[in-house]
Protein chains: 2
Amino acid sequence: MLTQTTISPAGRMPIGHGARHQRPDNDLSEANDLSEAIEMLGDAKSYRRNEEIYFQGEPTDSLYKVISGAVRTYKILADGRRQIGAFYLPGDVFGLEARDDHAFSAEAIVDAKVLVVRRSEIFTLADRDNDIARDLWKLTARELQRVQDRLLLLVKTAQERVVGFLLEMAERGYAANEVELPMSRQDIADYLGLTIETVSRTFTQLTTTAAIELPTSRRIVLRNRAALRRLAS
Amino acid sequence: MLTQTTISPAGRMPIGHGARHQRPDNDLSEANDLSEAIEMLGDAKSYRRNEEIYFQGEPTDSLYKVISGAVRTYKILADGRRQIGAFYLPGDVFGLEARDDHAFSAEAIVDAKVLVVRRSEIFTLADRDNDIARDLWKLTARELQRVQDRLLLLVKTAQERVVGFLLEMAERGYAANEVELPMSRQDIADYLGLTIETVSRTFTQLTTTAAIELPTSRRIVLRNRAALRRLAS
DNA sequence: CGACCATTTGATATGGATCAAGCGATGTGG
DNA sequence: CCACATCGCTTGATCCATATCAAATGGTCG
């Protein structure tokens, strides 16, 4: 990569420091100990746009944290259609799959930098450090939460799905009312279980009703958050 | 309850026995230490058909294990529709939600017996016993897996969803080729994001093509597993 | 037997898919 | 620097799977 931000290189993580600070059981906002461990132990890798990170069926042996860019996980169904599992943005951890083999493939949506760490290393840490173990659980629980939220999206109308997606992206992004989408219309369609045409039409319609603005096809300004939340039902 | 099978009552769980036996990282088939802990610590409670176990929005402070009967979790959407989150059968653990408050409600589908244990007790155990901590993670990961599988179902056709549901129930049940459904057509419809009419019509159609047999509306015989798997795409 | 509820079956409507074409931005070769 | 190919997106016309509305059937319990 050209502009490689130096990532703190691998090194032994101080472990067994016990429960240093109080945290409520269910604070999902951060999973810092694990995240720090990945920063310490992880190897920085760069992937080019559309480059494969791992493939459906391969053994699940690493954890990943996005540093820059964006990643999608996806699955090719028997009929050839593609279903996107999730989008991961900078700061997100992915690769936490339940089975021994990846149920989904992962690839870079745009040029991306990712930290990679072996699961076995994390599991060893977790056995010694309760904070890490709890983070591991939290991260999985958070992922579960996201998938459940999406499940609710998938039974709604096309407009509700698209609006729900936009609000989700806006919440995850930095800027409050502006979203820079790294993914194509096709990606969005495969994420929401719709066709590219329906996604496009919905965007146009939202523009017509002044709920959003589309300076470019990948940049979306949320004009009327309240109206959007109403449309998300 | 009338036929109350005696459940081993609460009692202190031996802890800190460390990693007694080897298990692969990803063995999701069992989570025995945690399951046993719930057996030891849990209070047996009985719920009647349609009785509320916990309600959407209430604090998430317990874990549950189904002893007999069946449980559904569900959510009432803004437009009044009901989405079912999951069905839990004997042996299943539920209540592992990510947030402080329940995103879903839970109720008994038929008369059910359930073990209830405080999450805080489990978390305390998990802090001392790595096996419990790992089980907690595994159980959450398994739940994640199930939800992801269902996500894939929800983007398919009505027939594929219904067949997928039947195969799932058959795998989880005891008898290989026969399923006794504890839930109504409406429950199934709300689980699959379909209408009750579509579910019913699909069942009739599967009967017509001799893929299944319907001795009663709640009892389903899988006549042709291979054909069903093909229909599930 | 009669009331009630779950399920099935029938007729019609519709949201989103599919098929098809046009448009705009980006990049390439002459 | 312009002509043109390519790719991602939008727009239009039609079709179809499933929802919706409506009614009949069947099973269960007092």
Side-chain angles (χ1 to χ4, degrees), chain A residues 49-50 70 72 77 79-84 109-111 153-166 179-209 212-220 231 233, chain B residues 48-50 72 77 79-84 109-111 153-166 179-209 212-220 231 233:
Chain A
R49 192 170 113 87
N50 294 328
R72 63 176 163 248
L77 304 179
D79 61 0
R81 277 176 39 241
R82 181 185 71 158
Q83 174 63 31
I84 290 199
I109 297 177
V110 293
D111 293 353
L153 257 199
L154 287 188
V155 300
K156 298 187 181 170
T157 67
Q159 190 179 62
E160 288 167 338
R161 294 189 214 189
V162 171
V163 172
F165 166 76
L166 284 180
V179 185
E180 177 77 41
L181 298 175
M183 71 289 284
S184 69
R185 294 287 185 269
Q186 188 63 62
D187 287 334
I188 299 172
D190 291 349
Y191 181 71
L192 297 176
L194 298 171
T195 58
I196 183 179
E197 293 95 331
T198 301
V199 172
S200 182
R201 277 186 246 273
T202 308
F203 277 153
T204 339
Q205 188 191 335
L206 290 172
T207 307
T208 310
T209 60
I212 64 170
E213 206 171 319
L214 275 173
T216 80
S217 68
R218 297 290 182 99
R219 174 172 297 276
I220 294 180
L231 290 179
S233 186
Chain B
R48 291 206 318 280
R49 190 169 115 86
N50 295 328
R72 63 177 164 248
L77 303 179
D79 61 1
R81 280 177 37 242
R82 180 185 71 156
Q83 175 62 31
I84 289 200
I109 297 176
V110 294
D111 292 354
L153 258 199
L154 287 188
V155 299
K156 296 187 181 170
T157 66
Q159 191 178 61
E160 289 168 336
R161 293 188 216 189
V162 171
V163 172
F165 166 75
L166 284 179
V179 186
E180 176 77 39
L181 298 175
M183 71 289 285
S184 69
R185 294 287 184 271
Q186 188 65 61
D187 287 335
I188 299 172
D190 291 348
Y191 181 69
L192 297 175
L194 298 171
T195 58
I196 184 178
E197 293 96 331
T198 301
V199 172
S200 182
R201 276 185 245 273
T202 307
F203 277 154
T204 338
Q205 187 191 337
L206 291 172
T207 308
T208 310
T209 61
I212 65 170
E213 208 172 317
L214 276 172
T216 79
S217 69
R218 297 290 182 99
R219 175 173 295 278
I220 294 182
L231 290 178
S233 186

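Every chain is numbered from 1 and lettered A, B, ... according to where its sequence line falls, protein lines coming before strand lines.
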To the nearest 0.5 Å, what is the distance between CG on Leu194(A) and OG on Ser200(A)?
12.0 Å
So does Arg161(A) reach the base of dG16(C) with its side chain, donor to acceptor, closer than 3.5 Å?
no
dT9(C), dT18(C), dG16(C): which one has an atom nearest the side-chain heavy atoms of Ala158(A)?
dG16(C)
Quick one: list whatever passes ring-ring contact (aromatic ring centres under 6.0 Å, His included) with Phe203(A), sequence neighbours left out.
none
Nucleotide dA17(C), atom P - distance to CG of Asp79(A) in whole Å
14 Å
Give a yes/no answer on whether the side chain of Arg218(A) brings an N or O atom under 4.0 Å of OP1 or OP2 in dG8(D).
no
Who passes salt bridge (Lys or Arg N to Asp or Glu O under 4.0 Å) against Arg218(A), sequence neighbours left out?
none
Which residues pass the salt bridge (Lys or Arg N to Asp or Glu O under 4.0 Å) test with Arg161(A), sequence neighbours left out?
none
So does Thr157(B) get a side-chain nitrogen or oxygen closer than 4.0 Å to the phosphate oxygens (OP1/OP2) of dA17(D)?
no
What does the list of N/O pairs under 3.5 Å between the protein and nucleotides 28-30 of chain D look like, with a distance for each?
none

Counting side-chain heavy atoms from C-beta on, which of dT7(C), dA17(C), dG12(D) comes nearest to Glu197(A)?
dG12(D)
Without decimals, in angstroms, what is the distance between Phe203(B) CZ and dT7(C) P?
10 Å
Using heavy atoms to find the nearest nucleotide of DNA chain C for Arg201(B) and Met183(B) separately, return the residue whose nucleotide is more 5′.
Met183(B)
Does anything in residues 184-194 of chain A come within less than 4.0 Å of DNA chain C? Heavy atoms only, and list the residues if so.
Gly193(A), Leu194(A)
For Ile220(B) and Leu206(B), what are the C-alpha separation, side-chain angles and deciding distance, and is it a side-chain contact (heavy atoms from CB on, under 4.5 Å)?
CA-CA 11 Å; Ile220(B) 294 182; Leu206(B) 291 172; over 6 Å; no
Arg219(B) CZ - dG27(D) C1' separation (whole Å):
16 Å
Using the rule salt bridge (charged side-chain N to carboxylate O under 4.0 Å, His left out), only one of Arg72(A), Arg185(A), Arg81(A), Arg82(A) pairs with Asp190(A); which is it?
Arg82(A)
Is the distance from OP1 or OP2 of dT8(C) to the nearest side-chain N or O of Ser200(B) less than 4.0 Å?
yes
Do Ile188(A) and Leu181(A) touch side chain to side chain, with heavy atoms closer than 4.5 Å?
yes
Could you check how far CD of Glu160(A) sits from P of dG15(C), rounded to whole Å?
12 Å
Spacing of Asp111(B) atom CG and Arg49(B) atom CZ [to the nearest 0.5 Å]
8.5 Å
For the helix from dC1(C)-dG30(D) to dG30(C)-dC1(D), measure the angle between the helix axis at one end and the axis at the other, each built from five pairs, rounding to 10°.
30°
Which atoms form the tightest heavy-atom contact between Ile109(A) and Pro182(A), and what is the distance?
CG2-O, 3.2 Å
Let me know the distance between CD1 of Ile212(B) and C1' of dT8(C), rounded to the nearest Å.
13 Å
Rounded to the Å, how far apart are Leu206(A) CG and dT11(D) P?
12 Å
First locate atom CD of Glu160(A), then atom CG of Asp79(B), and finally report the distance between them rounded to the nearest 0.5 Å.
6.5 Å
Distance (rounded to the nearest 0.5 Å) between Gln186(A) CD and Ile84(A) CD1
8.5 Å
Separation between CZ of Arg219(A) and CG of Leu214(A), rounded to the nearest 0.5 Å:
11.5 Å
Output the rounded distance in Å from CD (Gln205(A)) to P (dG16(C)).
10 Å
Quick one: OG1 on Thr209(B) to CD on Gln159(B), what's the gap to the nearest 0.5 Å?
7.0 Å
Nearest to the side chain of Thr204(B), which nucleotide is it out of dT9(C), dA13(D), dC9(D)?
dT9(C)
Given atom CG of Leu154(B) and atom C1' of dA17(D), what is their separation to the nearest angstrom?
16 Å
When you check the phosphate oxygens OP1 and OP2 of dG16(C), does a side-chain N or O of Thr195(A) lie under 4.0 Å from one of them?
no
Side chain Arg81(A) and base dT18(C) donor-acceptor under 3.5 Å
no
Leu214(B), nearest nucleotide to its side chain (from dC21(D), dT18(C), dT8(C))
dT8(C)
